[in-house]
Number of protein chains: 2
Amino acid sequence: MSMNNRILVIEDDKAIGNLIKMTLSTQGYEYDIAIDGKSALQKVLSMPPDVIILDLGLPDMDGIEVINKIRGWSQTPIIIVSARGEEHDKIHALDAGADDYVTKPFSVDELLARIRVALRRVKKDSLLDMELPIFTNGNLKIDYLANTVFIRGEEVHLTPIEYKLLVVLAKHVGKVLTHNFLLKEVWQQVLPSDVPSLRVFMATLRKKIEENPANPKYIQTHVRVGYRMLRYEEE
Amino acid sequence: MSMNNRILVIEDDKAIGNLIKMTLSTQGYEYDIAIDGKSALQKVLSMPPDVIILDLGLPDMDGIEVINKIRGWSQTPIIIVSARGEEHDKIHALDAGADDYVTKPFSVDELLARIRVALRRVKKDSLLDMELPIFTNGNLKIDYLANTVFIRGEEVHLTPIEYKLLVVLAKHVGKVLTHNFLLKEVWQQVLPSDVPSLRVFMATLRKKIEENPANPKYIQTHVRVGYRMLRYEEE
DNA sequence: ATTCAATCTTAATACTGTCTTAATGCTAGT
DNA sequence: ACTAGCATTAAGACAGTATTAAGATTGAAT
């Protein structure tokens, strides 16, 4: 949920590049730098950033061309940084698909504010084309957005680990998940000593979501292997 | 392309108002002018525009305040026009929810380009329908226009951060919001050291809006995760 | 510039919920 | 009936939370 935002800086001037780099890292953003148009396009493709900061004066390519190419397949916000204050450039860049424009010499704080505006927008857009974030299986519902779980219409409160465990099972309904896999997913590591602990969590989870925990309907045990969630029709 | 795009210009300087007016009409935009904050808010409410152009230096209201109020229920793009080139203003306006910023004296063509950028965006997320400028949940009311909060009919005074926090919770009623998310929304950044501070604000907020802060009805704690506001029926 | 009031931040304390661990009881397969 | 693996319970350790109050900041008014 709390992955850092990635920002791609396309800038050939080392001094300015460093300034931006330092600024971004103090704010906790992840960043990547490209020093020409060609490598920039590759990076946009291979590791899509959340925001792009683009210097118009690149050595190998016209800035407008870079925007056009990126806009060919990506809607990532682009903030232009340019030494030339000429109207002409600004307007062309904006019409080509850039979202914003900052003129050198620019204030670091202003650039940060404009990045925040762009990120605000990214977040909104990404919610739109997401699938419905509600999982349903029989009488069980998981609302991934709200982080809530319902059983027979009633909300049940799960602790963080219980919730994570249930989500992992739900994401793989019908599949048998090994102890190792579950431990890795939930605790991000595997210590053999953790298997007993996994059992404890299964017990509390079942107590909360199963009508009869001794005869579990949703979470099935596979001896010596792991657990799986069974898939049921809607009702 | 059947209906023209509507633009609301909030500007008290007649000369600049006329300039913008003429520019917009030659481009085939429909426009409306408001000369103060109060009438501007009414117009946003009664005839929602596609883009808002806002001069920060209004006679009756601080510009930031106008942005805050509009953003209480509407996501219409706001382009700031301001004589003051000071960083402080820019950053505050952008963080308050403005989308873009143009400093006087500005080029007409640049303004038009920025309007086009804003409109490009409007089309994309016009699916989002507007909310009402008043939020109600059980005995709690938030008037986004007046920036006031009522509990059991009584107005309570909240400090700016308390208010922002409550608004964020209200905008996502029913959803569990992580500490990180809340910090990002309210402070625009996340420093781990801020989590304790978040708790302090929750305490004061609860003291003000909860009947029994020890058994909160509205703001629920999710240990190791965050907080959420519970949704209640009207009464 | 200086003062003052309001708000924000930080730190300290007591407290609570969650996690881990270990012990005990249970079940199925041989 | 014996054994291996699983379920269940409960206690203590731990991490996370509520609350208070004192110090630092901010912004407005003089």
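Scope of the values below: all heavy atoms of this structure, side chains included, with no hydrogens, waters or symmetry mates.
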[Y] side chain reached by [X] side chain, heavy atoms, under 4.5 Å:
X      : Y      : result
B:V117 : A:D100 : no
A:M229 : A:L140 : yes
B:F135 : B:L166 : no

Check B:R224 against B:H179 and note the closest heavy-atom contact, atom names and distance. C-CE1, 4.2 Å

Check the distance between [N]'s [atom2] and [X]'s [atom1] and give it to me in whole angstrom.
X      : N      : atom1 : atom2 : result
A:F201 : D:dT8  : CZ    : P     : 15 Å
A:E162 : C:dG17 : CD    : P     : 14 Å
A:L198 : D:dT8  : CG    : P     : 14 Å

For B:T204 and B:V225, find the nucleotide of DNA chain D closest to each by heavy atoms; which residue's nucleotide sits nearer the 5' end? B:V225

For the side chain of [X], counting heavy atoms from C-beta on, which of [options] is nearest?
X      : options                : value
A:A203 : C:dT18, C:dT20, D:dT8  : D:dT8
B:I161 : C:dC8, C:dC19, D:dA4   : C:dC8
A:R206 : D:dT19, C:dT18, D:dA7  : D:dA7
B:V223 : D:dT9, C:dT21, C:dT18  : C:dT18
B:R224 : D:dA18, C:dT20, D:dA15 : D:dA15

Could you say whether B:V200 or B:H157 is positioned toward the 5' end of DNA chain C, judged by the nucleotide with the nearest heavy atom to each? B:H157

Bend across the helix from C:dT9-D:dA22 to C:dT30-D:dA1, to 10°, with axes taken over 5 pairs at each end? 30°

Hey, does the Lys NZ or Arg CZ of A:K208 hover above the aromatic six-ring of A:Y163, less than 6.0 Å from the centre and inside 45° of the axis? no

